[in-house]
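Quick note on labels: first sequence line is chain A, next is B, and so on, each numbered from 1.
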Protein chains: 2
Amino acid sequence: MINFTIKFQYGIPLYEQIVYAVKKAIVSEQLKPGDQFPSVREIARELRINPNTAQKVIAHLVREGLLEIKPGIGSVVSELGIATNAQRDKIFKDEVEKLVVECKRLSITKKEFIDAVNRNWKLDNEKGEE
Amino acid sequence: MINFTIKFQYGIPLYEQIVYAVKKAIVSEQLKPGDQFPSVREIARELRINPNTAQKVIAHLVREGLLEIKPGIGSVVSELGIATNAQRDKIFKDEVEKLVVECKRLSITKKEFIDAVNRNWKLDNEKGEE
DNA sequence: CTAACTGTAATATATCACATAGTACACCTT
DNA sequence: AAGGTGTACTATGTGATATATTACAGTTAG
């Protein structure tokens, strides 16, 4: 069984969209640590993509620490990780800056932006934690 | 004269990095509306890239409304635009969501994230406006 | 043990984005 | 007329993406 949903879009790599859908499912607790993750061949069959592409998804998720491999058995959802300094820098200095620049060039105010952040922070996680 | 600075990175398209550098320069008022923008051939020469790539930069900036073309003369920095509903949706629903998901999976708190936003909002624009 | 499942690796093919090189044309200023 | 401007076109090479197919080692269930 596939535990996450996808609506494919043009112009974005398939594997990338799937990786993101999985992240979203984990963050919103549709997928919990310890849950069995669908196999390469099952993903390929259900989503009608090539097994190589499905394998690429798993490889990415493992490298990013979201899945763990049980050889001969399959993969399992990992516990949530903690950001390294490099990851924090990438988000806080690069990613946030990009969004801020884009907002400013479109005359979007900081308040509007922060409101959107608050909205999104609660949306995927009904508990509304910090 | 080139009015913006770039430090090229691996893995990111040249034209994309240049487009972003220009956006940043405009947002931080190193480039102001009405300023003459360097020509295709000047960009290519100064940054040591192919004229076609420089042309791609200008084409992107024009399409996004950051530059205006004066035929036979060159290009000029436009006034800051106002976001369309589609642009606001893309930022508020897609881009922000992506960052929020990434933060949650790395156990970054909302407070830490909002702090980073506040920091970045002031950084490129010394006046610290809304 | 065997069959059926797991992740993983390799080869091959086709398509597209990116960056380069080079040439050409219409437009405008000096 | 000369030299600048944006723009368009062909061509080449490289890499990422996605496909198809085959193969192998590890694990489990019968």
Side-chain angles (χ1 to χ4, degrees), chain A residues 1-4 6-23 26 31 33-78, chain B residues 1-4 6-23 26 31 33-78:
Chain A
M1 253 291 276
I2 297 288
N3 316 329
F4 48 91
I6 302 198
K7 181 99 166 49
F8 285 123
Q9 291 179 302
Y10 279 113
I12 306 169
L14 288 177
Y15 83 93
E16 204 171 288
Q17 299 187 51
I18 302 172
V19 164
Y20 179 63
V22 173
K23 285 184 185 176
I26 292 178
L31 278 174
D35 282 0
Q36 180 74 19
F37 194 76
S39 73
V40 168
R41 291 164 181 82
E42 188 177 359
I43 296 173
R45 193 179 350 108
E46 297 285 330
L47 300 184
R48 290 177 194 162
I49 60 173
N50 191 274
N52 294 325
T53 306
Q55 158 63 16
K56 199 169 182 179
V57 170
I58 298 215
H60 271 255
L61 289 169
V62 167
R63 198 184 326 143
E64 295 193 63
L66 291 141
L67 291 184
E68 284 167 15
I69 298 299
K70 311 283 185 185
I73 301 196
S75 59
V76 163
V77 177
S78 307
Chain B
M1 252 294 275
I2 297 286
N3 316 330
F4 49 91
I6 303 198
K7 181 103 165 49
F8 285 125
Q9 292 179 300
Y10 279 114
I12 305 169
L14 288 178
Y15 83 92
E16 205 172 286
Q17 298 187 52
I18 301 172
V19 164
Y20 179 63
V22 173
K23 285 184 185 175
I26 292 178
L31 278 174
D35 282 0
Q36 181 75 16
F37 194 76
S39 74
V40 168
R41 291 164 180 83
E42 188 177 0
I43 295 173
R45 193 180 348 109
E46 295 287 330
L47 300 184
R48 290 178 195 160
I49 61 174
N50 191 276
N52 293 325
T53 307
Q55 158 64 15
K56 201 170 181 179
V57 170
I58 300 222
H60 271 255
L61 290 169
V62 168
R63 198 183 328 140
E64 294 194 63
L66 291 143
L67 290 185
E68 284 167 15
I69 298 300
K70 311 284 184 183
I73 302 196
S75 60
V76 165
V77 177
S78 307

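- In this structure, B:I73 places its CD1 atom 8 Å from P of C:dT30, rounding to the nearest Å.
- Of the inter-residue distances, the one linking B:R45 atom CZ with B:S39 atom OG reads 6.5 Å to the nearest 0.5 angstrom.
- Candidate nucleotides D:dG26, D:dT7, C:dT6 were compared by shortest atom distance to the side chain of B:I69, and D:dT7 ranks first.
- Atom CD in A:E42 sits roughly 18 Å away from atom P in C:dA4 (whole-Å rounding).
- Rounded to a whole Å, the CD atom of B:E68 is 14 Å from the P atom of D:dG6.
- For the atom pair CG of B:N50 and CD of B:Q55, the computed distance is 11.0 Å after rounding to the nearest 0.5 Å.
- Between the CG atom of B:L14 and the CD atom of B:Q9 there is a distance of 11.5 Å, given to the nearest 0.5 Å.
- Rounded to a whole Å, the NZ atom of A:K70 is 12 Å from the P atom of D:dT27.
- Of the two residues near DNA chain D, A:R48 and B:G72, the one whose nearest nucleotide lies more 5' is B:G72.
- Contact of A:R41 with C:dG7 (side chain to base): a donor-acceptor pair of N or O atoms is detected under 3.5 Å.
- Taking a 4.0 Å limit (strictly below) on heavy-atom distances, residues 10-17 of chain A reaches DNA chain D at A:P13, A:L14, A:Y15.
- Comparing D:dT19, D:dT27, C:dA21 by their nearest atom to the side chain of A:N50 picks out D:dT19.
- Residue A:I43 contributes atom CD1, which lies 16 Å from atom P of C:dC5 at whole-angstrom precision.
- Side chain of B:Q17 to main chain of B:I6: no donor-acceptor pair is present (N/O by atom type, distance under 3.5 Å, no hydrogens or angles).
- Taking every heavy atom of residues 52-60 of chain A and every atom of DNA chain D, pairs under 4.0 Å involve A:N52, A:T53, A:K56, by number.
- For the pair A:R63 CZ and C:dT8 C1', the interatomic distance rounds to 14 Å; values are reported in whole Å.
- Atom CZ of B:R41 and atom CD of B:E46 lie 15.0 Å apart (nearest 0.5 Å).
- Put simply, CZ on B:F37 is 17 Å from C1' on D:dG4, counting in whole angstrom units.
- The only member of B:V22, B:I69, B:I26, B:L66 that meets side-chain contact (heavy atoms from CB on, under 4.5 Å) when paired with B:F37 is B:V22.
- Using a distance-only test at 3.5 Å, with no hydrogens or angles considered, no donor-acceptor pair links the side chain of A:Q36 to the main chain of A:G74.
- Side-chain contact between A:F4 and A:I18 is present, with heavy atoms from C-beta onward closer than 4.5 Å.
- Taking each heavy atom of B:P38 and B:S75 in turn, the nearest pair found is O-OG, 4.4 Å.
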